[in-house]
Each structure stands twice: as C-alpha cells, then as structure tokens.
Protein chains: 2
Amino acid sequence: MSDVEPRWLDAEEQATWMALTGVLVRLPAALDAQLQRDAGISHFEYQVLAGLSMTPGRTLRMSELADFAVASLSRLSHTVKRLEKQGWVRRRSDPADGRCTLAILTDTGWDKVVATAPGHVAEVRRLVFEPLTKAQQRQLREAGRRIHHTISPDAAWPGDV
Amino acid sequence: MSDVEPRWLDAEEQATWMALTGVLVRLPAALDAQLQRDAGISHFEYQVLAGLSMTPGRTLRMSELADFAVASLSRLSHTVKRLEKQGWVRRRSDPADGRCTLAILTDTGWDKVVATAPGHVAEVRRLVFEPLTKAQQRQLREAGRRIHHTISPDAAWPGDV
DNA sequence: GCGAATGACTTGACGGTTCAAGTAAAGAGG
DNA sequence: CCTCTTTACTTGAACCGTCAAGTCATTCGC
C-alpha cells in the first residue's frame with residue numbers, strides 16, 4: 001500500500017520460505033489424512049478428545065478446552081456437539097459457575113482415544129522425528145518458539161498428542 | 001490399532017512438537033489475517049494471483065496452477081471462478097489442447113498483486129525472518145526439507161511470494 | 001438488592017472445501 | 001474411423017468453520 005520499494009526475499013530466503021510453506025501445507029494434511037483413514041476423525045477432533053483424556057477427571061470447561069486446542073469457542077461448540085452425537089463426549093453445566101459448560105470424555109470416548117493415539121503418535125514420529133537428528137530437533141524447536149513468540153508474545157503453548 | 005506398546009514422545013520431543021504445532025496453527029492464521037485485513041483476500045487466493053503474476057504471459061493451465069498452489073483442481077476451479085467474478089482472472093480453453101483451461105491474470109489482477117505483495121512480504125519477513133538468525137534460517141530450511149521430503153518424496157517445491 | 005455490564009457459551013446463516021459425479025476433448029486399439 | 005479409455009477440468013451437495021446475534025449466569029456499582 002505504501003510506495004516505498006519493499007525488500008523482497010533473496011534466493012536463500014525464498015528457499016527457506018518454500019521449505020517452511022511446504023511443511024505448513026503438507027504436514028497438517030498428512031496428519032489429517034492418517035487420522036481420517038485410521039480413525040474417521042479430523043486432527044482437530046482428535047485434539048479435543050486427547051485434551052480431555054489427559055486431564056484428571058477427563059473433564060474441562062469449554063473455554064479451557066478451546067485454549068488447549070487453539071480454537072474459537074464457536075468452533076469448539078460445533079465440534080463438541082458432533083462428538084456428543086457420536087457418544088464420545090457429554091456436556092453439563094458447571095455446578096460451580098452456571099455460565100460455564102463442562103465437556104466430559106465418556107468411556108466410549110476414552111476407548112476411542114486409546115485406540116487412536118498410538119497410530120497418530122507413530123505418524124508424528126515417522127514424519128517429524130525420524131527424518132531429523134537430535135540437533136535438528138533442538139534447532140527446529142528453538143526456531144518454532146521464536147516465530148511463535150513473535151506472532152503471539154503472550155500465549156501459552158498449544159497442546160497436542 | 002495394534003497392541004504393541006507404542007513409543008510415546010519424551011519430554012523434549014513433546015516440547016519440539018508443541019513448538020512446531022504452534023507454528024503450524026498460528027502462522028497460516030496470521031498470514032491469512034494480514035491479507036484479509038489489508039487486501040480482502042485469503043492467503044490461498046493470493047497464492048493463485050501471485051502464481052500467475054510470476055509466469056511469462058501471466059498465464060497458466062489450471063492443473064499447473066493447482067500444482068503450484070498445492071491445491072485440488074476442484075478447489076482451484078471454485079476459487080478461480082470467484083477471482084473471475086472480481087475481474088482479476090479470466091479463463092479460456094487452451095487452443096493447443098481443448099481439454100485444458102488457461103487461467104490468465106487480467107490487468108486489474110496484476111494491479112491487485114502489485115498492491116498486495118509488498119505488505120505480504122513484509123509480514124513474512126517480520127514473522128519468520130526477523131526473529132531468526134541466518135544460521136537458524138538455514139537450520140529451519142534443512143529441517144523443513146527433510147520433513148517435506150518424508151511426506152512426499154517426489155513432489156516439487158511449492159511456490160509462494 | 002437491583003439494574004447494567006460482563007462472561008461463557010450456543011445458535012443460525014453464510015462462505016469455502018471436499019467429495020462424488022458429470023462433461024468434453026484427446027489419444028489408443030482394433 | 002469408431003469405440004474405449006484417459007485426461008482435464010466443472011459442478012452441486014454436504015460438511016465444516018467463522019461471524020454476528022442471541023441466551024442465560026454472575027458480578028459490579030450504586
């Protein structure tokens with residue numbers, strides 16, 4: 001919009017950018033594909049179920065779960081409604097504060113996570129960890145943290161697996 | 001699905017994975033937000049326009065453009081229809097092969113890219129390159145390439161910016 | 001303690017993506 | 001050449017996510 005000549009990316013930067021966008025586009029697609037194929041759920045649905053499975057009581061408030069899964073409350077609400085229809089989650093209003101809704105993982109939902117998690121972790125390991133040396137993993141972690149910190153300096157870490 | 005005890009991620013691996021998913025979720029969202037705010041288009045629409053703007057003749061076959069933007073032909077077809085309605089792209093059947101459709105960037109479309117690119121590049125620079133040292137950029141590039149190569153060993157590089 | 005403001009969702013409509021089916025041109029086989 | 005297959009899309013329906021509005025608790029100011 002301004003008419004100052006912008007600083008374009010040089011050849012090295014372009015190569016870096018393409019490597020990064022390649023991962024940005026294909027890694028989520030690959031993870032979604034594995035979960036869809038083996039468990040019939042999306043990566044986001046898996047994150048919701050996994051998030052609940054990791055808390056004591058297998059229960060979280062919708063807003064806590066939304067933070068964990070990095071989603072809008074609206075998206076989570078629609079998704080939990082679908083998961084509820086499948087019998088994997090149920091909802092009840094929080095006795096401690098009637099404004100809040102608790103999402104609770106059912107036994108069937110727990111079984112679904114137990115059946116799904118190993119395959120998903122194996123895929124993450126295969127696609128992300130196996131191709132990298134320990135040093136590269138450390139470097140990737142540090143670079144990721146810096147980028148993430150620049151985008152949202154405040155935010156806590158998103159959770160997964 | 002198998003009942004072999006899976007190898008879970010250790011603490012370091014989890015930290016790496018969270019750093020990566022943080023970027024995976026937030027960087028595309030941040031780029032989309034900037035483009036939506038400043039130009040009223042999605043990152044994907046920008047990629048389509050940018051892809052056309054970089055070819056001699058500002059023209060590509062739909063399938064070439066789909067490869068470039070890493071999209072299904074169906075997604076591209078719907079998107080180009082919208083871009084056509086905005087007057088940024090037009091389509092005509094390829095005289096050399098009647099099965100193929102050529103997508104052509106109009107002058108208005110070119111102006112749109114020229115107006116949009118600097119701001120977008122600046123955002124990429126701010127979010128990805130400025131937070132990293134040159135060494136980290138190299139490391140990130142190498143890690144990205146390895147992951148990408150594991151997911152699709154064959155594929156050419158996706159293009160952007 | 002009563003009304004207003006805030007917080008925590010839920011809902012419905014809309015827009016974009018995918019998936020399955022359709023169309024039309026080019027090439028292959030007999 | 002005339003069918004059959006393949007290639008390169010296009011289309012419409014279904015599904016998911018977002019955005020704007022609504023609902024219902026709680027809490028804050030007076």
Side-chain angles (χ1 to χ4, degrees), chain A residues 24-26 28-37 40-49 51-52 59-86 89-104, chain B residues 24-26 28-37 39-49 51-52 59-86 88-104:
Chain A
L24 246 45
V25 168
R26 292 187 207 271
L31 295 176
D32 259 326
Q34 180 268 323
L35 282 167
Q36 203 65 59
R37 175 166 43 75
I41 59 178
S42 67
H43 189 234
F44 180 65
E45 291 171 323
Y46 175 76
Q47 297 219 111
V48 169
L49 296 176
L52 290 174
T59 298
L60 278 175
R61 292 184 173 172
M62 291 295 279
S63 39
E64 294 170 329
L65 190 51
D67 279 359
F68 173 85
V70 196
S72 69
L73 226 35
S74 171
R75 180 183 186 187
L76 183 64
S77 182
H78 285 299
T79 299
V80 168
K81 194 197 285 179
R82 290 190 291 268
L83 295 176
E84 213 172 7
K85 212 171 294 175
Q86 298 280 327
V89 174
R90 67 199 166 77
R91 278 186 283 194
R92 44 183 291 238
S93 134
D94 187 342
D97 183 339
R99 289 171 301 183
C100 302
T101 306
L102 298 174
I104 306 163
Chain B
L24 246 45
V25 168
R26 293 188 207 270
L31 296 176
D32 258 326
Q34 180 269 324
L35 282 167
Q36 203 65 59
R37 176 166 43 75
I41 59 179
S42 68
H43 188 233
F44 180 64
E45 291 170 324
Y46 175 76
Q47 297 219 112
V48 170
L49 296 176
L52 290 175
T59 298
L60 279 176
R61 292 185 173 171
M62 291 294 280
S63 40
E64 293 170 329
L65 189 50
D67 279 358
F68 173 85
V70 196
S72 69
L73 226 36
S74 171
R75 181 183 185 187
L76 183 65
S77 182
H78 285 299
T79 299
V80 167
K81 193 196 287 178
R82 291 189 293 269
L83 295 176
E84 212 171 7
K85 211 171 296 175
Q86 298 281 327
W88 293 328
V89 174
R90 68 199 165 78
R91 279 185 282 192
R92 43 182 293 240
S93 134
D94 187 341
D97 183 339
R99 291 170 301 182
C100 301
T101 306
L102 298 175
I104 306 164

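Proteins come first, then strands; the chains are lettered A, B, ... in the order of their sequence lines, and each starts at number 1.
- Across all strands, Ser42(B) comes closer than 4.0 Å to no nucleic acid atom at all (heavy-atom distances).
- With DNA chain D read from its 5' end, the first of the two nearest nucleotides for Glu45(A) and Arg91(B) is the one closest to Arg91(B).
- Counting to the nearest Å, the P atom of dG16(C) and the CG atom of Leu83(B) are 10 Å from each other.
- Once rounded to the nearest 0.5 Å, the distance linking OG1 of Thr59(A) with CG of Leu52(A) reads 7.5 Å.
- Separating the CG atom of Leu73(B) from the C1' atom of dG22(C) is a distance of 14 Å, rounded to the nearest angstrom.
- Distance, Arg92(B) CZ to dA8(D) C1': 17 Å, rounded to whole Å.
- Atom-to-atom, CZ of Arg37(B) to P of dC19(D) comes out at 14 Å; the value is rounded to the nearest Å.
- Proximity of a side-chain donor or acceptor of Asp94(B) to a complementary backbone N or O of Leu102(B) within less than 3.5 Å is not detected.
- Following rounding to the nearest Å, Met62(B) (CE) and dC9(D) (C1') show an atom-to-atom distance of 8 Å.
- Proximity of a side-chain donor or acceptor of Glu84(B) to a complementary backbone N or O of Arg91(B) within less than 3.5 Å is detected.
- For Ser74(B) against dT10(D), no side-chain N or O and base N or O form a donor-acceptor pair under 3.5 Å.
- No N or O donor and acceptor, one from the side chain of Ser72(B) and one from the base of dC19(C), sit under 3.5 Å apart.
- If you check every strand for non-hydrogen atoms under 4.0 Å, Ser93(B) touches nothing.
- At whole-Å resolution of the value, CG in Leu76(B) and P in dC9(D) are 9 Å apart.
- Other residues, nucleotides and ligands place more than 12 heavy atoms under 6.0 Å from the CZ atom of Arg61(B).
- Side chain of Arg75(B), nearest nucleotide from dA25(D), dT18(C), dT11(C): dT18(C).
- For Thr79(B) and Asp94(B), each mapped to the nucleotide of DNA chain C holding its nearest heavy atom, the one lying further toward the 5' end belongs to Thr79(B).
- The distance between atom NE2 of His43(B) and atom P of dG15(C), rounded to the nearest whole Å, is 23 Å.
- Separating the CD1 atom of Ile41(A) from the P atom of dC15(D) is a distance of 18 Å, rounded to the nearest angstrom.
- Under 4.0 angstrom from either OP1 or OP2 of dC9(C) there lies no side-chain N or O belonging to Arg61(A).
- Neither OP1 nor OP2 of dG16(C) sits under 4.0 Å from any side-chain N or O of Lys81(B).
- Remark: the Ser63(A) side chain and the dC9(C) base include no donor-acceptor N/O pair separated by less than 3.5 Å.
- Candidate nucleotides dA8(C), dG16(C), dT10(D) were compared by shortest atom distance to the side chain of Arg99(A), and dA8(C) ranks first.
- Side-chain to base pairing of His78(A) with dG12(C): one donor and one acceptor N or O lie within less than 3.5 Å of each other.
- Tested against Val48(B), the residues Ile41(B), Leu65(B), Leu60(B) include a single side chain to side chain contact (heavy atoms under 4.5 Å, CB included) partner, Leu65(B).
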